[in-house]
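Structure record follows, encoded as structure tokens.
Every heavy atom of this structure was used, including side-chain atoms; hydrogens, water molecules and symmetry mates were not.
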Protein chains: 2
Amino acid sequence: MPTKKKPQVTASPARRSELLGTAAEVFAEQGYNATTVRKIADHAGMLAGSLYYHFDSKESMLEEILRTFLDELWDGYDTVLDAELGPRETLEALVIESFREIDRHRAAVAIYQKESKHLASQERFAFLADSQRKFEKAWLSTLERGVAAEVFREDLDIRLTYRFVRDTVWVAASWYRPGGQHGPEEIARQYLSMVLDGIAVRT
Amino acid sequence: MPTKKKPQVTASPARRSELLGTAAEVFAEQGYNATTVRKIADHAGMLAGSLYYHFDSKESMLEEILRTFLDELWDGYDTVLDAELGPRETLEALVIESFREIDRHRAAVAIYQKESKHLASQERFAFLADSQRKFEKAWLSTLERGVAAEVFREDLDIRLTYRFVRDTVWVAASWYRPGGQHGPEEIARQYLSMVLDGIAVRT
DNA sequence: GGGCTTCCCTAACAAGTGTTTGGTAGGTTA
DNA sequence: TAACCTACCAAACACTTGTTAGGGAAGCCC
């Protein structure tokens, strides 16, 4: 009795993630919808059909790219959150961790930024919405803790502040280039300095 | 001697901009490439081919949407810059003006955010790159003036600060909804408070 | 009323899309 | 050497895409 074909199971994991890497970069650069499977294949030095030996659809490539990224992101985030640091230290650690993820998964982050909004409504990408909710929860509670502990200003709209910090961090993926003059930790330090203390001179 | 067809010249400007409005919203929501002309036509209550009575291509719709937005944006920006205010006041005015533009052209701003990067390299959309350069120049000089006048901190990387402020402002278009509880001026005020003074309590 | 313009529809086109099927070169195993 | 597996190619598939050509209904001008 023949089982359903699952071509990607037999393929070597190394080649798989290599192809996913090039796919991610094309997706990030051109946008998911504007990227044809033939373009991906070109970048990989093969023909379009050959991709289907490793993956069973273009969409499944996208899914795997985003899943891999989010899994690793939450590994880092959960470690920070479980450490139960003070609110300011938690915020700093989350920001630093975020820039490290941008450094590691620049393409995936860029894709996430551009596509997640209209993907999250599809059932297949429900994990994006889940992650987003978890993300919001972690940040909001950290900010609220900070206000309660009087380390963050209490005259600010918490939800607005959340979006401010969140966007500020992740948008960096659109211009960040790994291997540039500033490493992720250095950029995180400067961002934190601006977010926490502002850019105006203290009078 | 027959001249080239220019269908859109005879069409009424009101209907034109009405259609551009719905097109912009679909583009913003689904992304330009993921938006088919049939979807736009659906939202407008007509058939795909009928759009070509008003416009001569899908791309020309995108171009007109972005051009209209940028023209109005620079009207506001130039007014601010020509006023030759102090650096801090200039920054405040630019941010306020930006949020007003987001309020007025939410869809166009969202499209600009998502698509401008890979569009700017096309000759047809060279005006995007021009605008970007002009934009960068205005912001950088304002920040530099501020550092020289000792109203902005001098220990910050100017280019990083520029990207920080720029992204902080424009990303808001991805979640901002006109008619919400906060008007553009109120959001601008809170953003400025965070950017200038930071979110940490002053010790 | 006859012509003209405005605005849309019907129906199709060619090009490009993601995907499938069958085949095959080259290495590994028996 | 024979059987087998891996990783790809070649060629096609059904479908969607942006776009076009011709036509027609409704309103306005003479």
Side-chain angles (χ1 to χ4, degrees), chain A residues 2-24 26-27 29-66 111 115 118-119 122 124-125, chain B residues 2-24 26-27 29-66 111 115 118-119 122 124-125:
Chain A
T3 56
K4 269 195 157 186
K5 293 185 307 180
K6 291 197 178 179
Q8 72 281 13
V9 186
T10 56
S12 95
R15 185 68 175 135
R16 247 181 105 71
S17 59
E18 186 183 350
L19 290 173
L20 280 180
T22 71
V26 186
F27 284 157
E29 198 178 345
Q30 323 222 5
Y32 173 73
N33 283 288
T35 301
T36 71
V37 292
R38 282 166 239 272
K39 279 188 200 165
I40 301 175
D42 275 355
H43 280 255
M46 50 196 263
L47 292 183
S50 308
L51 284 172
Y52 289 80
Y53 172 74
H54 299 275
F55 311 97
D56 42 41
S57 74
K58 180 189 172 189
E59 215 179 45
S60 77
M61 296 190 218
L62 178 62
E63 182 183 345
E64 188 163 344
I65 289 169
L66 292 176
I111 298 168
E115 318 284 353
H118 68 269
L119 285 178
Q122 296 177 229
R124 173 167 204 170
F125 293 94
Chain B
T3 56
K4 269 194 159 185
K5 292 186 307 178
K6 291 197 177 177
Q8 73 283 13
V9 186
T10 56
S12 95
R15 184 68 174 134
R16 245 182 107 69
S17 59
E18 186 183 352
L19 290 174
L20 279 180
T22 71
V26 186
F27 284 157
E29 198 177 344
Q30 323 223 7
Y32 173 73
N33 282 289
T35 301
T36 71
V37 291
R38 282 168 240 270
K39 279 187 200 164
I40 301 175
D42 275 357
H43 280 254
M46 51 198 264
L47 291 184
S50 308
L51 284 172
Y52 289 80
Y53 172 74
H54 299 274
F55 311 97
D56 42 42
S57 74
K58 179 189 173 190
E59 214 178 45
S60 77
M61 295 190 217
L62 177 62
E63 182 183 344
E64 189 163 342
I65 289 169
L66 293 176
I111 298 168
E115 318 284 352
H118 68 268
L119 285 178
Q122 296 177 230
R124 172 166 204 171
F125 293 94

Set out, in order, the CA-CA distance, both residues' side-chain angles and the distance that settles side chain to side chain contact (heavy atoms under 4.5 Å, CB included) for B:M61 and B:E64, then state yes or no. CA-CA 5 Å; B:M61 295 190 217; B:E64 189 163 342; 6.0 Å; no
Let me know the distance between CG of B:D56 and P of D:dT19, rounded to the nearest Å. 9 Å
Length of the CG-C1' vector between A:D42 and C:dT17, whole Å: 15 Å
Applying side chain to side chain donor-acceptor pair (under 3.5 Å), can you list everything that pairs with B:S60, at least two apart in sequence or on another chain? B:D56
How would you list, by chain and number, every residue that makes a side chain to side chain donor-acceptor pair (under 3.5 Å) with B:R124, sequence neighbours excluded? B:E59, B:E63
Can you give me the N/O atom pairs linking the protein to nucleotides 14-18 of chain D at distances under 3.5 Å, or say none if there are none?
from: D:dG18; atom 1: OP1; to: B:T35; atom 2: O; distance (Å): 3.2
from: D:dG18; atom 1: OP1; to: B:K58; atom 2: NZ; distance (Å): 2.9
from: D:dG18; atom 1: OP2; to: B:V37; atom 2: N; distance (Å): 3.0
from: D:dG18; atom 1: N7; to: B:R38; atom 2: NH2; distance (Å): 2.7
from: D:dG18; atom 1: O6; to: B:R38; atom 2: NH2; distance (Å): 3.0

Sequence neighbours excluded, the answer for side chain to side chain donor-acceptor pair (under 3.5 Å) partners of B:Q30 is B:K39
For a quick test of reading the model: is some side-chain N or O of B:H54 closer than 4.0 Å to OP1 or OP2 of C:dC8? yes
Just to confirm, is there a sub-4.0 Å distance from OP1 or OP2 of D:dC8 to any side-chain nitrogen or oxygen of A:R15? yes
By side chain to side chain donor-acceptor pair (under 3.5 Å), A:H118 pairs with (sequence neighbours left out) A:E115
Is the phosphate of C:dC9 approached by B:S50 (side-chain N or O, under 4.0 Å from OP1 or OP2)? yes
What residues, two or more places apart in sequence or in another chain, satisfy salt bridge (Lys or Arg N to Asp or Glu O under 4.0 Å) together with A:E29? none
Among the candidates C:dC7, D:dC9, C:dC9, find the nucleotide nearest to the side-chain atoms of B:M46. C:dC9
Taken to the nearest whole Å, CZ/A:F55 to C1'/C:dT20 is 17 Å
Closest nucleotide of DNA chain C for A:A48 versus for B:L47: which of these residues is on the 5' side? B:L47
Taking only N and O in the side chain of B:Y53, is any of them less than 4.0 Å away from OP1 or OP2 of C:dC8? no
